[in-house]
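Keep in mind it's a predicted model, so treat the numbers as computed, not measured. For ligands, and for the atoms within them, numbers begin at 1 and follow the listed sequence.
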Amino acid sequence: MMGIILLGPPGAGKGTQAKKLTEAFSIPQISTGDMLREAVKAGTELGKRAKSFMDAGGLVPDEVVIGIVKERLSAPDCGEGFILDGFPRTIPQAEALDRVTGELGKEIRFVLSLDVDRKELMERLCGRRTCTACGAMYHVAFHPPKAPGKCDKCGGPLIQRDDDKEETIKNRLVNYNKATAPLLDYYKGTGKIRTVMASGEIDAIYASIVKILQ
Ligand code: AP5
Ligand code: MG
């Protein structure tokens with residue numbers, strides 16, 4: 001049972017590393033950010049509720065996010081493990097996760113804390129591009145697609161995320177420091193936390209993560 005939490009500020013590379021781990025370990029990526037963006041796009045009740053918080057770079061209320069994660073973790077494809085990307089993000093979410101994994105007989109094995117300096121985070125987020133068709137991630141300078149604006153994997157169109165504007169990014173970073181950084185202390189005593197130096201090459205960071213997991 002390989003339950004993994006990827007913890008780190010906006011732009012730390014949670015999504016990038018989660019996608020690589022998903023392929024290699026055949027366990028699903030559970031990204032609350034991706035699920036919420038899908039709900040916004042589909043115009044569901046959940047999406048309507050979440051949109052204003054996301055546009056402002058704020059956090060969506062705990063009970064909303066906890067509900068979707070609980071449901072997702074109950075799905076059969078989480079039987080061998082899962083990679084939580086962007087959840088938990090507050091102490092109440094971490095407490096709820098402990099309860100839910102207990103109820104479902106699942107276990108978190110590692111909490112990987114991705115450590116990147118703030119200047120680099122800003123550069124990463126301002127240049128990020130995402131494929132609207134398959135979700136693959138690029139960066140205009142650090143990880144450019146072969147043809148501009150077009151996904152290498154599926155040919156789909158690449159877009160910039162709505163919340164990747166400088167002002168919104170600043171709010172996301174403030175909220176990370178305020179609400180999410182305290183989780184490092186929450187997990188300190190559990191023996192599960194590992195710090196990953198997450199500046200540098202994507203593949204080198206991935207290799208250091210794999211080393212920890214083995
Ligand atoms: P979410 O989608 O989770 O956004 P985030 O936490 O701000 O993180 P990002 O997705 O921006 O960054 P990432 O760490 O995944 O980095 P990435 O791999 O893309 O959440 C969005 C919003 O949803 C929140 O603001 C909130 O409103 C809501 N929400 C979500 N979860 C919630 C929760 N649990 N509770 C409440 N609200 C919630 O990389 C970034 C860029 O850098 C890419 O372009 C990539 O190609 C590039 N890159 C990656 N690694 C490297 C590297 N090593 N070197 C150079 N470039 C790199
Ligand atoms: Mg992400």
With a cut-off of 4.0 Å, which atoms of ligand 1 are near a heavy atom of [X]?
X	answer
Pro10	5 (P), 7 (O), 8 (O), 12 (O)
Leu125	11 (O)
Arg37	2 (O), 21 (C)
Arg128	9 (P), 10 (O), 11 (O), 12 (O), 16 (O), 17 (P), 19 (O), 40 (C), 43 (C), 44 (O)
Gly33	1 (P), 2 (O), 20 (O), 30 (C), 31 (N)
Tyr138	43 (C), 44 (O), 46 (O)
Gly15	13 (P), 15 (O), 18 (O)
Ile205	53 (N)

So which protein heavy atom does [atom] come closest to, and at what separation?
atom	answer
atom 18 (O) of ligand 1	Thr16 OG1, 2.5 Å
atom 54 (N) of ligand 1	Gly200 O, 3.3 Å
atom 27 (O) of ligand 1	Gly58 O, 2.5 Å
atom 29 (N) of ligand 1	Leu36 CD1, 3.5 Å
atom 12 (O) of ligand 1	Gly11 N, 2.8 Å

query = Would you say the side chain of Tyr186 lies within less than 4.5 Å of the side chain of Thr90, judging by non-hydrogen atoms?
reply = no
key: 4.0 Å heavy-atom contact, Arg161 with ligand 1   = yes
ask   = Hey, looking at atom 20 (O) of ligand 1, which of Lys20, Glu123, Lys19, Arg89 has the closest heavy atom?
value = Arg89
task = Please confirm whether the backbone N or O of Gly57 pairs with a side-chain atom of Asn175, one donor and one acceptor, at under 3.5 Å?
result = yes
